[in-house]
Amino acid sequence: MGMEIQKVFLTSEFNSLDKETPFNTHTDVIVELQNNEKFIASFFTFQNITNIQQDHIKSGEFLRGKYFWSRNMILIDRCTRENVMVVIKHLIEEGDFPLVFQKLN
């Protein structure tokens, strides 16, 4: 699949919280291709999933932390622009990009 990236937008770059680090955060990622098609996925760090589970145990959400899901979720070790770009390019090269990212209308 001939996909060339035009732009990548990370929501975390615009609404970052002080307590979050590249190892404990999540971000929605919008990829715009050269043909103007746009795709979205959510990147979560492994540590962030653990912290979310602990919050859900306390709040009772997701059956008190028994499960968690997010549409088009990708788990990543560090949530930095550079690391996200490496993953996106790898998904494109492997042909998995359209399986993970949801096309926006």
Side-chain angles (χ1 to χ4, degrees):
M1 181 184 280
M3 301 178 130
E4 291 187 48
I5 299 170
Q6 181 172 313
K7 295 178 194 171
V8 175
F9 174 81
L10 280 68
T11 58
S12 64
E13 292 179 338
F14 296 92
N15 61 5
S16 180
L17 301 174
D18 292 340
K19 67 178 184 172
E20 295 180 336
T21 71
F23 297 99
N24 178 24
T25 193
H26 59 273
T27 186
D28 289 329
V29 176
I30 298 173
V31 176
E32 183 176 340
L33 302 177
Q34 289 292 340
N35 64 4
N36 294 322
E37 289 182 321
K38 294 179 183 165
F39 296 82
I40 189 167
S42 296
F43 282 67
F44 291 81
T45 62
F46 296 103
Q47 181 61 51
N48 189 241
I49 293 296
T50 300
N51 291 350
I52 288 171
Q53 181 191 29
Q54 294 303 311
D55 289 344
H56 290 168
I57 288 170
K58 293 174 189 170
S59 72
E61 294 175 273
F62 292 91
L63 293 176
R64 293 187 185 98
K66 290 190 182 300
Y67 75 97
F68 178 75
W69 74 273
S70 177
R71 187 178 301 261
N72 306 99
M73 181 186 340
I74 299 174
L75 297 177
I76 193 166
D77 59 349
R78 279 181 307 112
C79 199
T80 62
R81 174 172 280 279
E82 296 77 21
N83 216 22
V84 167
M85 290 301 296
V86 167
V87 172
I88 292 169
K89 289 175 183 176
H90 176 76
L91 290 170
I92 289 172
E93 289 170 7
E94 294 294 312
D96 293 331
F97 182 85
L99 300 174
V100 178
F101 277 75
Q102 178 182 353
K103 185 175 180 182
L104 297 173
N105 296 328

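Along the sequence shown, the residues carry numbers beginning at 1. This structure is a prediction, so every number in the text was calculated from the model and none was measured.
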Least distance between heavy atoms, Asn83 atom then Arg78 atom: ND2-O, 2.7 Å
Stepwise side chain to side chain contact (heavy atoms under 4.5 Å, CB included) test for Ile40 and Arg71: CA-CA 10 Å; Ile40 189 167; Arg71 187 178 301 261; over 6 Å; no
Plane angle bin for Phe44 and His26 - parallel if under 30°, tilted between 30 and 60°, otherwise perpendicular: parallel
Rounded distance [0.5 Å steps], NE2 in His56 versus NZ in Lys66: 14.5 Å
Student check: side-chain heavy atoms of Phe43 and Val87 closer than 4.5 Å: yes
Separation of Lys103 NZ from Asn72 CG (nearest 0.5 Å): 14.0 Å
Interatomic distance, Glu37 atom CD to Glu32 atom CD [nearest 0.5 angstrom]: 10.5 Å
Any donor-acceptor pair under 3.5 Å from Thr27 side chain to Thr11 backbone: yes
ILVMFWY network linking Leu63 to Met73, side-chain heavy atoms under 4.5 angstrom: yes
Ile5/Met85 under side chain to side chain contact (heavy atoms under 4.5 Å, CB included): CA gap, chis, key distance, verdict: CA-CA 10 Å; Ile5 299 170; Met85 290 301 296; 4.2 Å; yes
Closest contact, heavy atoms only, Asp77 versus Phe23: O-CD2, 3.7 Å
Shared hydrophobic cluster for Val84 and Leu99 (ILVMFWY, side-chain gaps under 4.5 Å): no
Neighbour count above 12 (heavy atom, 6.0 Å) for Arg81 CZ: yes
CG on Asn48 to OG1 on Thr21, rounded to 0.5 Å: 9.0 Å
Identified side chain to side chain donor-acceptor pair (under 3.5 Å) counterpart of Asn24 within the set Thr45, Thr50, Asn51: Asn51
Flag, side chain of Asp28 to backbone of Ser42, donor-acceptor distance under 3.5 Å: no
Check: Val29 and Phe101 side chains under 4.5 Å, non-hydrogen atoms: yes
Nearest-0.5 Å distance, CG of residue Leu33 to CD1 of residue Ile92: 6.5 Å
Aromatic plane relationship, Phe14 with Phe9 - under 30° parallel, 30 to 60° tilted, over 60° perpendicular: parallel
Ile57 and Gln54, any side-chain heavy atoms less than 4.5 Å apart: yes
Co-membership, hydrophobic cluster, residues Val86 and Val31, 4.5 Å side-chain: no
Under 3.5 Å: donor-acceptor pair, side chain of Gln53, backbone of Gly65: yes
Co-membership, hydrophobic cluster, residues Leu75 and Ile88, 4.5 Å side-chain: no
